[in-house]
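The chains referred to below are lettered A, B, ... by the order of the sequence lines, with proteins before strands, and numbering in each begins at 1. Every heavy atom of this structure was used, including side-chain atoms; hydrogens, water molecules and symmetry mates were not. Computed from a predicted model, the values in this text were never measured in an experiment.
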Amino acid sequence: MSVITRFAPSPTGFLHIGGARTALFNWLFAKHHGGHMLLRIEDTDRARSTDAAVAAITDGLHWLGLDWQGEAISQFARADRHAEVARQLLADGKAYHCYCTPAELAEMRETAKAEGRSMRYDGRWRDRGPDEAPRDGAPVIRLKAPRSGATVINDLVQGQVTVQNAEMDDMVLLRADGTPTYMLAVVVDDHDMAISHIIRGDDHLTNAIRQRQIYDLLGWTAPHFAHIPLIHGADGAKLSKRHGALGVEAYREMGILPAALRNYLLRLGWSHGDDEIIETEQAIAWFDLDGVGKSAARFDTPRLENLNSHYIRSMDEGELCQLLADQLRSTLGRDLSATESGRLPLAIRPLKERAKTLLELADKAEFLVAGRPLAMEAKAASLLTGEAPAQLAKAHACLQSVEDWNLDDLTAAIRGLAEAEDLKLGQLAQPLRAALTGRNASPGIFEVLYFLGRQESLDRIGDHLV
RNA sequence: GACCCCGUAGUCUAAAGGUUAGGAUGCCGGCCUUUCAAGCCGGAGAUGCUCGGUUCAAGCCCGGCCGGGGUCGCCA
């Protein structure tokens with residue numbers, strides 16, 4: 001049997017970070033077993049479903065580098081098929097019409113609450129014949145679920161989970177308006193799509209028990225279930241709006257690389273011994289459900305940034321320059337000149353090991369594209385007081401005599417000057433750093449001079465001479 | 001409240017029932033050094049939620065307690 005998994009998000013406006021991990025696990029599991037993943041949009045709630053929301057999800061998946069086979073499947077489009085299955089169940093005596101009014105249901109809910117149990121429909125229409133149907137009011141179709149015994153699933157992550165049937169009620173399959181409920185739609189779609197493994201968040205664990213009842217009454221073989229623990233916020237509660245960034249696009253905007261997010265998400269709830277840096281090819285080779293833990297993991301941004309800095313340092317420098325240029329254009333709000341663009345590949349190596357995100361990389365590269373006179377940060381300005389102007393004057397004169405503007409000659413010139421003036425290198429380097437970058441921290445000072453070039457360097461230093 | 005799941009440093013986690021509970025991240029310190037990083041070295045941080053039981057031996061198996069989470073719709 002070939003492995004077919006599916007990722008089935010509701011189109012709520014973005015690809016949720018938890019959903020992204022679910023998608024990643026589905027994708028890795030399928031790839032590992034030589035199968036494939038399908039994408040199904042759970043859009044039966046028409047009020048909340050828009051094309052834009054669907055696009056946000058597919059964009060997020062593309063960015064993360066996760067693909068699926070064929071077109072995304074709309075659950076809503078399959079409503080007729082779902083209704084057909086409900087009617088078949090009805091014809092087979094495995095489901096029945098229920099004419100309960102919302103008021104009756106509310107009353108049952110009240111009673112249940114008062115008695116300290118969970119809400120359960122009491123099955124009052126379960127054994128009534130069609131002749132008892134009221135003249136007005138369309139019925140819903142409910143499943144005639146077993147009333148004794150227990151329903152069991154053998155979950156690949158959670159193990160055997162058993163719920164007594166007496167704990168459950170007869171769920172609605174088809175609404176009064178003839179539209180299918182989620183519970184029915186999921187079962188029918190997973191069956192029709194020949195899904196072999198359902199990998200999803202464990203907030204669906206109790207749903208799996210109910211879905212199992214539908215499979216059983218339908219006489220269908222249920223797929224394997226694997227309910228993975230949810231991702232929680234730093235406070236241990238389910239990730240929600242108040243925790244801040246929820247969608248993957250927010251991480252993209254923060255300058256997180258897809259490779260880093262994949263690696264981070266992979267290690268949240270899954271492990272392979274002591275391995276931490278796991279690239280995607282390796283993940284496909286290693287990933288399986290037995291490595292998935294059962295407890296919820298908290299989202300930890302510092303760890304994500306640590307992995308991100310690793311992937312920034314190890315990625316192809318040409319690609320990184322491209323990303324840096326894009327980021328600079330966006331923060332500056334203008335195009336880069338040819339001279340400015342030319343500095344990027346020169347400076348990328350020392351810059352990239354100082355940045356945890358693309359945003360930070362662009363910030364640290366800002367001096368390469370800043371116009372004169374340079375804006376001075378407070379800590380940089382304080383480096384330009386006292387003896388500093390005098391040192392800068394000497395440095396300026398010294399640098400003017402450097403004919404071939406290369407790293408070796410620049411190093412020799414400045415070191416020579418420090419020696420001749422009996423100064424520590426720092427006494428020269430720090431004022432130079434401030435004058436050249438407007439900051440008190442930067443790559444090595446000889447590199448900075450080299451990246452900026454002769455004219456720009458001398459001009460920037462000159463701006464601080466009286 | 002009912003049902004279900006979980007419980008190893010702040011966080012993510014490792015360890016056929018058998019060393020001093022290992023790694024990563026974060027934090028602190030050192031080396032390097034023109035600054036900031038990176039890199040290397042070192043340090044603190046876990047009475048394994050807790051109380052019992054089984055066993056020669058329990059983080060691991062069993063039971064209870066406590067704590068956390070999830071689910072209880074004609075939402076998905």
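The residues A/E104 and A/R124 are annotated as salt-bridged, a charged nitrogen and a carboxylate oxygen being separated by less than 4.0 angstrom. Looking at A/R460 and A/E456, a side-chain N of the basic residue comes within less than 4.0 Å of a carboxylate O on the acidic one, giving a salt bridge.
Taking atom C1' on both B/U47 and B/U8, the two are 13 Å apart, rounded to the nearest angstrom. As rounded to the nearest Å, B/G73 and B/A14 have C1' atoms that lie 42 Å from one another. For B/G26 and B/U34, the P atoms lie 26 Å apart once the distance is rounded to whole Å. B/G70 and B/C28 have their P atoms separated by 33 Å, given to the nearest Å. Nucleotides B/G43 and B/A24 place their P atoms 13 Å apart, quoted to the nearest Å. Annotation: B/G39 and B/G53 have their P atoms spaced 49 Å apart (nearest Å). B/G10 and B/C4 are spaced 29 Å apart, taking the C1' atom of each and rounding to whole Å. Of the P atoms belonging to B/C65 and B/U71, the separation is 24 Å, rounded to the nearest Å.
Annotation: the span from A/L449 atom CG to A/L399 atom CG amounts to 5.5 Å, rounded to 0.5 Å. Rounding to the nearest 0.5 Å places OH of A/Y450 at 10.0 Å from CG of A/D408.
Using a 4.0 Å heavy-atom cutoff across all strands shown, A/R313 reaches sugar-phosphate atoms only and no base atom. Looking at heavy-atom distances under 4.0 Å, A/T179 makes no contact with the nucleic acid at all. Among the atoms of the strands shown, none is found under 4.0 Å from any heavy atom of A/R120. A/V172 comes within 4.0 angstrom of the backbone, heavy atoms only, and of no base. Nucleic acid contact class of A/T12 (heavy atoms, under 4.0 Å, all strands): none. A/L230 comes within 4.0 angstrom of the backbone, heavy atoms only, and of no base. A/C98 comes within 4.0 angstrom of no nucleic acid atom, judged by non-hydrogen atoms across all strands. Within the nucleic acid shown, A/N207 comes within 4.0 Å of at least one base atom, counting heavy atoms only.
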Counting only pairs under 3.5 Å, give me each side-chain donor-acceptor contact of residues 377-392 of chain A, with atom names and distances, residues two or more places apart or in other chains.
unit_1: A/E377; atom_1: OE2; unit_2: A/R439; atom_2: NE; d: 3.4
unit_1: A/S382; atom_1: OG; unit_2: A/K379; atom_2: O; d: 2.9
unit_1: A/T385; atom_1: OG1; unit_2: A/S382; atom_2: O; d: 3.1

Name every donor-acceptor pair, under 3.5 Å, that has one atom in a side chain of residues 287-299 of chain A and the other anywhere in the protein, sequence neighbours excluded.
unit_1: A/D288; atom_1: OD1; unit_2: A/H33; atom_2: NE2; d: 3.4
unit_1: A/K294; atom_1: NZ; unit_2: A/Q158; atom_2: O; d: 3.2
unit_1: A/R298; atom_1: NH1; unit_2: A/A234; atom_2: O; d: 2.9

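Protein atom CZ of A/R349 is 23 Å distant from nucleotide atom P of B/C36, rounded to whole Å. Rounded to an integer number of Å, the gap from NE2 of A/H232 to P of B/G7 is 13 Å. Remark: P of B/C74 and CD of A/E104 are 13 Å apart, rounded to the nearest angstrom. Here B/G26 presents its C1' atom at 12 Å from OH of A/Y264, a figure rounded to the nearest Å. Rounded to an integer number of Å, the gap from A/L432 CG to B/C36 P is 17 Å. Note: CG (A/L205) to P (B/C4) measures 11 Å, nearest angstrom. We find that CG of A/L239 is positioned 16 Å from C1' of B/G68, with the value rounded to whole Å. Distance CD (A/Q158) to C1' (B/C5): 6 Å, rounded to an integer number of Å.
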Nucleotide by nucleotide, 5' to 3', does protein get under 4.0 Å of the base (B), only the sugar-phosphate (S), or neither (-) in nucleotides 40-47 of chain B, counting heavy atoms? --------
Expected string for nucleotides 59-67 of chain B under the B/S/- scheme (protein heavy atoms, under 4.0 Å, primed atoms plus P, OP1, OP2 as sugar-phosphate) is ---------
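A/R78 pairs by the salt bridge (charged side-chain N to carboxylate O under 4.0 Å, His left out) definition with A/D189, A/D192, not counting sequence neighbours. Considering only residues two or more places apart in sequence or on other chains, A/Y96 meets the side-chain contact (heavy atoms from CB on, under 4.5 Å) condition with A/C98, A/Y121, A/W125, A/R126, A/R142, A/K144, A/D170. A/K94 pairs by the salt bridge (charged side-chain N to carboxylate O under 4.0 Å, His left out) definition with nothing, not counting sequence neighbours. Among residues two or more places apart in sequence or in another chain, the side-chain contact (heavy atoms from CB on, under 4.5 Å) test is passed with A/E110 by none. Annotation: side-chain contact (heavy atoms from CB on, under 4.5 Å) contacts of A/D274 (sequence neighbours excluded): none. Among residues two or more places apart in sequence or in another chain, the side-chain contact (heavy atoms from CB on, under 4.5 Å) test is passed with A/N207 by A/Y182, A/M183, A/H204, A/Q211.
Within the 3.5 Å criterion, the main-chain N or O of A/N26 finds a donor-acceptor partner in the side chain of A/T5. Although no hydrogens or angles enter the test, the distance criterion places a donor-acceptor pair under 3.5 Å between the side chain of A/R343 and the main chain of A/L368. Judged by distance alone, the side chain of A/R349 and the main-chain N or O of A/K352 form no donor-acceptor pair under 3.5 Å.
Using a 30° and 60° split on the angle between ring planes, A/H227 and A/F225 fall in the parallel class, below 30°.
Pair assignment for B/C61: B/G53, on the basis of Watson-Crick or G-U wobble contacts that are both within less than 3.5 Å. Pairing for B/C3 is with B/G70, a Watson-Crick or G-U wobble pair whose two hydrogen-bonding atom distances lie under 3.5 Å. Figure legend. B/A24 is base-paired to B/U11; pairs are counted as Watson-Crick or G-U wobble with both atom distances under 3.5 Å.
Taking only distance into account, the side chain of A/N306 never meets the base of B/A24 through a donor-acceptor pair shorter than 3.5 Å.
Considering only the side chain of A/H204, B/A76 comes nearest among B/A76, B/U71, B/U25.
Side chains of A/L410 and A/N406 form no contact here, defined as non-hydrogen atoms less than 4.5 Å apart.
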Within the sub-3.5 Å range, which N or O atoms of nucleotides 33-35 of chain B have a protein N or O partner, and how far apart are they?
unit_1: B/U34; atom_1: O2; unit_2: A/R433; atom_2: NH2; d: 2.3
unit_1: B/U34; atom_1: N3; unit_2: A/I445; atom_2: N; d: 3.3
unit_1: B/U35; atom_1: O4'; unit_2: A/Q430; atom_2: OE1; d: 3.3
unit_1: B/U35; atom_1: O2'; unit_2: A/N440; atom_2: O; d: 3.0
unit_1: B/U35; atom_1: N1; unit_2: A/R433; atom_2: NH2; d: 3.4
unit_1: B/U35; atom_1: O2; unit_2: A/S442; atom_2: N; d: 2.9
unit_1: B/U35; atom_1: O2; unit_2: A/S442; atom_2: O; d: 3.1
unit_1: B/U35; atom_1: N3; unit_2: A/R433; atom_2: NH1; d: 3.3
unit_1: B/U35; atom_1: N3; unit_2: A/S442; atom_2: O; d: 2.6
unit_1: B/U35; atom_1: O4; unit_2: A/G444; atom_2: N; d: 3.3

Give me the distances for all protein-to-nucleotides 13-16 of chain B N/O pairs that come in under 3.5 Å?
unit_1: B/U13; atom_1: OP1; unit_2: A/G269; atom_2: N; d: 2.6
unit_1: B/U13; atom_1: O3'; unit_2: A/S271; atom_2: OG; d: 3.0
unit_1: B/A14; atom_1: OP1; unit_2: A/S271; atom_2: OG; d: 2.8

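Look at A/T181 and you won't find any side-chain N or O under 4.0 angstrom from OP1 or OP2 of B/C74.
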